[in-house]
Amino acid sequence: MNAISHDVSKPAIAPGSEGSKLTALNAWVAQVAALTQPDAIVWCDGSDAENAALIKQMQADGTLVKLNEQTHPNSWLHRSHPDDVARVEHLTFVCTSEQEDAGPNNHWMSPADGHKQMDALFDSCMQGRTMYVIPYCMGPIDSPLSRCGVEITDSPYVVANMRIMTRMGAPALARIEREGRLHDGEFVRGLHSIGELDPERRFIMHFPEELTIKSFGSGYGGNALLGKKCHALRIASHQARSEGWLAEHMLILGLENPQGETHYVAAAFPSACGKTNLAMLIPPEGYRAQGWKVWTVGDDICWMRPGADGRLYAINPEAGFFGVAPGTSDKSNPNALASIQHDTIFTNVGVTADNQPWWEGLDNGQVPVTDWRGNPYDAAKGPAAHPNSRFTVSARQCPSYSQQAENPAGVPISAIVFGGRRASLVPLVFEARDWAHGVLVGAAMGSETTAAATGAVGVMRRDPMAMKPFCGYNFADYFSHWLSFDKAGAKLPKIFHVNWFRKGDDGKFLWPGFGDNLRVLEWMIQRVKGEAGSVQTPIGHLPAEGDLNLDGIALGDEARAKLFGFDHAGWQAEFASIGEYLDEYGPRMPQALKDEQQRIARDLSR
């Protein structure tokens with residue numbers, strides 16, 4: 001791991017880091033080194049020894065702060081720059097040859113201009129630093145559904161996080177070399193530098209046609225861990241369209257009933273709307289006594305491909321969780337809390353007097369003494385933990401982790417769920433009439449913004465399939481791609497929409513949420529099996545009174561009316577708004593989706 005003396009024009013390669021057997025990869029690394037001028041190059045092998053050396057190095061320079069070894073063994077705190085705490089959607093670009101291919105849902109720049117702007121930033125930016133070459137695999141290392149990439153970075157913090165979040169190191173390099181010889185050196189290329197952490201010199205550029213990502217000026221989360229949103233969604237969504245699969249911002253869970261049957265559900269929610277909580281759900285006590293179990297396959301990203309039997313099979317391309325810390329507690333998500341008691345990297349949380357991590361909503365009786373900036377905690381100056389503070393932890397540490405997450409064939413999906421944060425109008429749950437209607441439900445999904453993205457919080461915006469910040473191409477083409485799966489022989493999942501966030505006149509949530517969300521999942525699976533009733537409305541099938549098991553839940557008249565009711569006039573206005581939204585994409589918007597919107601609008605006008 002030690003840098004060695006060298007001539008600046010030819011960076012040193014650390015001992016044991018001789019590069020790759022793949023000529024295309026070696027050539028790209030050499031090209032990047034010539035541009036960025038690092039002091040040394042390290043090819044990461046993902047070993048324990050390598051990780052220990054990096055951790056020791058970061059502890060020495062203050063990048064990582066060791067937490068209480070008795071309460072949180074082998075766990076660390078990282079503080080990012082105060083201006084580097086969330087996604088920066090206004091600085092995130094998709095660089096396609098034709099602007100229309102990126103669509104109005106993306107910021108666009110031409111590939112030539114994008115490369116020119118980024119290469120000027122990368123010029124000599126790694127002088128005095130080590131350049132790390134990180135080969136990684138998104139998904140089980142031997143799965144045909146997985147895809148590989150290489151991230152080059154000057155941040156050891158990124159190396160440590162990528163080791164948790166992906167299958168990183170020697171096995172991934174071996175697969176890249178094997179596939180590279182067969183497919184002309186094809187792998188996703190990601191180049192990252194923290195630069196000077198200057199918000200005025202911060203950009204994340206994606207070149208889908210080249211399977212390339214360039215990120216400069218940030219060390220935070222998905223802006224720097226390029227396997228996450230950049231590869232697994234923006235680039236992979238482009239790959240998925242050309243190869244006939246789907247790359248989605250979805251959790252994957254397995255719902256096991258008392259008879260021992262497990263149905264797998266994929267669900268899309270915008271960030272900070274309960275994905276991790278649902279993925280790690282613990283059934284209510286009565287359900288647990290009957291034998292119900294929930295298995296966690298993934299909490300954030302889902303890649304789905306049609307199988308030989310016509311069903312969609314899914315993998316979680318990630319190996320870890322990059323979860324939002326605030327609000328995570330023994331009440332809201334006991335499995336998540338149990339997962340992060342050891343071998344965890346925390347980013348931008350507060351710290352207690354005895355050096356334990358702390359965040360708002362933890363409710364463990366502790367109090368913070370230091371805030372996320374490293375200053376003495378003062379409630380008058382803001383929260384102890386940043387609202388978008390995070391934890392990075394191996395998925396295998398989750399008590400509900402499913403061994404099927406390692407299945408190379410993936411898991412068969414019985415239901416797809418869309419859901420946003422809506423205080424009014426949208427009921428607790430409804431089922432789409434068919435696949436085309438379900439695609440419209442996903443396309444029209446709306447949510448109130450949260451702290452996971454920069455900008456105003458609490459503003460309602462359309463967030464189709466929870467992919468607004470993440471789709472690597474024109475949404476109109478994306479909807480067409482979704483519609484294309486409805487073909488002869490397909491056995492597609494049923495599609496549902498949920499809203500855990502409906503509020504009453506007093507501004508309080510009407511549905512208890514958390515473990516009780518299992519009651520809604522149970523109805524969905526009964527609908528999949530043809531065992532539950534519903535009430536048909538223009539917007540889809542709603543559960544009738546008695547279709548959901550509400551034993552043990554006290555719901556007042558207002559809650560029942562709003563959670564299971566249908567506001568005719570409100571939905572008329574909503575579908576007029578949806579029609580206007582679809583029209584924003586012009587002639588590329590698939591006519592089938594517009595026809596579906598108009599069909600429902602007509603039904604609502606009767």
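Glu248 contributes no side-chain N or O that, together with a main-chain N or O of Cys302, makes up a donor-acceptor pair within less than 3.5 Å. A donor-acceptor distance shorter than 3.5 angstrom exists from the side chain of His249 to the backbone of Ala466, with no hydrogens or angles considered. At least one donor-acceptor pair closer than 3.5 Å links the side chain of Asp547 to the backbone N or O of Ala544. Between the side chain of Arg396 and the main chain of Gln403, no donor-acceptor pair closer than 3.5 Å is present. Using a distance-only test at 3.5 Å, with no hydrogens or angles considered, a donor-acceptor pair links the side chain of Asn499 to the main chain of Val426. Side chain of Asn333 to backbone of Thr328: no donor-acceptor contact under 3.5 angstrom is found. Side-chain atoms of Glu558 come within 3.5 Å of backbone N or O of Asp505 as a donor-acceptor pair. Between the side chain of Arg502 and the main chain of Leu428, no donor-acceptor pair closer than 3.5 Å is present. Without hydrogens or angle criteria, Arg390 side chain to Phe322 main chain gives a donor-acceptor distance under 3.5 Å. With hydrogens and angles disregarded, no donor-acceptor distance shorter than 3.5 Å links the side chain of Asn106 to the backbone of Val94.
Between the side chains of Gln404 and Tyr264, no donor N or O sits under 3.5 Å from an acceptor N or O. For the 3.5 Å distance criterion, the side chains of Ser329 and Asp363 fail to qualify, holding no donor opposite an acceptor. A donor atom on one side chain and an acceptor atom on the other are found under 3.5 Å apart for Asp299 and Thr276.
With sequence neighbours excluded, no residue satisfies salt bridge (Lys or Arg N to Asp or Glu O under 4.0 Å) with Lys468. Partners of Lys529 by side chain to side chain donor-acceptor pair (under 3.5 Å), not counting sequence neighbours, listed by chain and number: Glu261. Qualifying side chain to side chain donor-acceptor pair (under 3.5 Å) partners for Arg588, counting only residues two or more places apart in sequence or in other chains: Asp101, Asp477.
The pair Asp603-Arg599 meets the salt-bridge criterion, with a side-chain N (NZ, NE, NH1 or NH2) lying under 4.0 Å from an Asp/Glu carboxylate O. The pair Asp583-Lys594 meets the salt-bridge criterion, with a side-chain N (NZ, NE, NH1 or NH2) lying under 4.0 Å from an Asp/Glu carboxylate O. Taking 4.0 Å as the cut-off between side-chain N and carboxylate O, Glu574 and Arg462 count as a salt-bridged pair. A salt bridge does not link Lys562 with Asp567: none of the charged nitrogens is closer than 4.0 Å to a carboxylate oxygen.
Classified by interplanar angle (parallel below 30°, tilted 30° to 60°, perpendicular above 60°), the ring pair Trp571/Phe575 is tilted. Ring geometry for Trp303 versus His231: interplanar angle of 30 to 60°, hence tilted. Using a 30° and 60° split on the angle between ring planes, Phe496 and Trp523 fall in the perpendicular class, above 60°.
Crowding of Lys293 atom NZ: a count of heavy atoms from other residues, nucleotides or ligands under 6.0 Å not exceeding 12. No more than 12 heavy atoms of other residues, nucleotides or ligands sit less than 6.0 Å from atom CD of Glu285.
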Quiz item: Please walk me through it: do Leu440 and Leu582 pass side chain to side chain contact (heavy atoms under 4.5 Å, CB included)?
Solution: CA-CA 10 Å; Leu440 179 65; Leu582 298 181; 4.0 Å; yes

Quiz prompt | Intermediate values then yes/no, ring pair (Phe, Tyr, Trp, His ring centres under 6.0 Å), Trp435 and Trp482 | solution = CA-CA 9 Å; Trp435 185 258; Trp482 265 82; 5.6 Å; yes

Practice problem: Start with the C-alpha gap between Leu555 and Leu510, add the side-chain angles, then the distance that decides, and say whether side chain to side chain contact (heavy atoms under 4.5 Å, CB included) holds. | Solution: CA-CA 8 Å; Leu555 294 179; Leu510 296 172; over 6 Å; no

Exercise. For the pair Ser218 and Asp84, evaluate side-chain hydrogen bond (donor to acceptor under 3.5 Å, both in side chains) and give the outcome as yes or no after the intermediate values.
Key: CA-CA 6 Å; Ser218 172; Asp84 186 25; 2.6 Å; yes

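Remark: Arg241 qualifies as a cation-pi partner of Tyr473 under the 6.0 Å distance and 45° angle criteria applied to the six-membered ring.
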